[in-house]
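In what follows, a single structure is set out as structure tokens and then discussed.
These values consider heavy atoms only, across backbone and side chains, with no hydrogens, waters or symmetry-generated copies. Whatever order the structure lists them in is the order used to number ligands and atoms, beginning at 1.
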Amino acid sequence: MVANKRIPFIGANWKMYLMPNQVIPYIEAIKHNIPRPSEAQVMIAASPLYLWPLLEHAKQSDVIIGAENCDYHDTGAYTGEVSPKALAEAGVTYSIAGHSERRHYFDEDDEVVNKKVHALLRNNIKPIVCCDETLVRTETHDGVHWVVSQVIAAFKDVSDKDALKMMIAYEPRWAIGTGITASAAEAEEGCALIRQTISRIYSPAIADAVRVLYGGSVTPKNVKALMEQPDIDGVLVGSASLDPNEFLNLIHY
Ligand code: 13P
């Protein structure tokens, strides 16, 4: 039996923006002002530099602390990389994998993203896989195929049981950091396509249980329309997550 209640998920992706003096005031400002986890889950994905203090300050609160990225080896001679095993031991429970910026600036391809998915799952960290879509492909009406192929690649060799631990985010590159949000209908189209693809790979029941997120210029103003779409279970927020008050407004849309 697959439980099919998809709890809304609101994730901040701080990227490489906040400075050390901003991190503790931020978590302190939001930690007791978020919904109960049965109503909505709230995550902050932060640079590895900040994870440890964030985990300490998030104790006795419902804020989830996540990683923005990690390596696909558990340990080893990989200077500068972040171990998924160490993340897990430190208490991190979610991590983004294959964000558009990783794919674009750091040449992460589908195979690397799939390796990261497996590394996270074997370390009991829930992967949030981002599927990109470029402007060119959108203009040529080929974005759809591009997203499908990334979803298929992300789930390669992932069991039914593990698939249920994953989230997939539809993050069209043209909407990230640009202020050009996909309309609610465009975002729904991308998210619905992801769900149909999961249904074809696994089953309708699994597709019904996996949460699908939208990311790209989400703000306190447009979040409600996005969250009302049937296949959008949550959002990943960049720019509008950098100020704790703005993020709180967005959480309590
Ligand atoms: P923006 O909200 O700044 O467009 O970034 C979105 C994003 O990349 C979330 O992962």
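A centroid separation of less than 6.0 Å is found between the aromatic rings of Y94 and F9.
Residue S239 approaches ligand 1 through these ligand atoms, each under 4.0 Å from one of its heavy atoms: 1 (P), 2 (O), 3 (O). Of all the atoms in ligand 1, the ones that sit under 4.0 Å from a non-hydrogen atom of I176 are 4 (O), 5 (O), 6 (C), 8 (O). Residue G216 approaches ligand 1 through these ligand atoms, each under 4.0 Å from one of its heavy atoms: 4 (O), 6 (C). In summary, the atoms of ligand 1 found under 4.0 Å from a heavy atom of K15, numbered by their order in the structure, are 5 (O), 6 (C), 7 (C), 8 (O). Which parts of ligand 1 touch N13 is read off a 4.0 Å heavy-atom cut-off, strictly below it: atoms 9 (C), 10 (O). For ligand 1, the atoms sitting less than 4.0 Å from at least one non-hydrogen atom of S217 are 1 (P), 2 (O), 4 (O), numbered in the order shown with element in parentheses.
In the candidate list E68, H99, R173, E101, H99 is nearest to atom 8 (O) of ligand 1, counting heavy atoms.
Taking atom 2 (O) of ligand 1 as the reference point, the nearest protein heavy-atom neighbour is G238 N, 2.9 Å. The protein non-hydrogen atom at the shortest distance from atom 10 (O) of ligand 1 is E171 OE2, 2.8 Å. Of all protein heavy atoms, the one lying nearest to atom 4 (O) of ligand 1 is G177 N, 2.6 Å.
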Take W14 and S241, measure what side chain to side chain contact (heavy atoms under 4.5 Å, CB included) needs, and give me the verdict at the end.
CA-CA 7 Å; W14 283 356; S241 76; 3.6 Å; yes
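Considering both main-chain and side-chain atoms, T178 never comes within under 3.5 Å of ligand 1 through any nitrogen or oxygen pair.
The backbone N or O of N69 sits nowhere less than 3.5 Å from a side-chain atom of K116 that would complete a donor-acceptor pair. With hydrogens and angles ignored, the 3.5 Å screen pairs a side-chain donor or acceptor of Q22 with a backbone N or O of M19.
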Hey, can you pull the donor-acceptor pairs under 3.5 Å for the side chains in residues 191-202, sequence neighbours left out?
unit_1 : atom_1 : unit_2 : atom_2 : d
R195   : NE     : D231   : OD1    : 2.6
R195   : NH1    : A207   : O      : 2.8
R195   : NH1    : V210   : O      : 2.7
R195   : NH2    : D231   : O      : 3.1
R195   : NH2    : D233   : OD2    : 2.8
T197   : OG1    : L193   : O      : 2.7
Y202   : OH     : F155   : O      : 3.4
Y202   : OH     : V158   : O      : 2.8

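Residue A175 touches ligand 1 through its backbone alone, judged by heavy-atom distances below 4.0 Å.
Within the structure, the side chain to side chain donor-acceptor pair (under 3.5 Å) test picks out the following pairs touching residues 153-163 (sequence neighbours left out): D162-K165.
We find that D62 and K31 are not joined by a salt bridge, their nearest charged nitrogen and carboxylate oxygen being 4.0 Å or further apart.
A pairwise comparison of heavy atoms in N222 and S217 identifies ND2-O, 3.0 Å as the closest pair.
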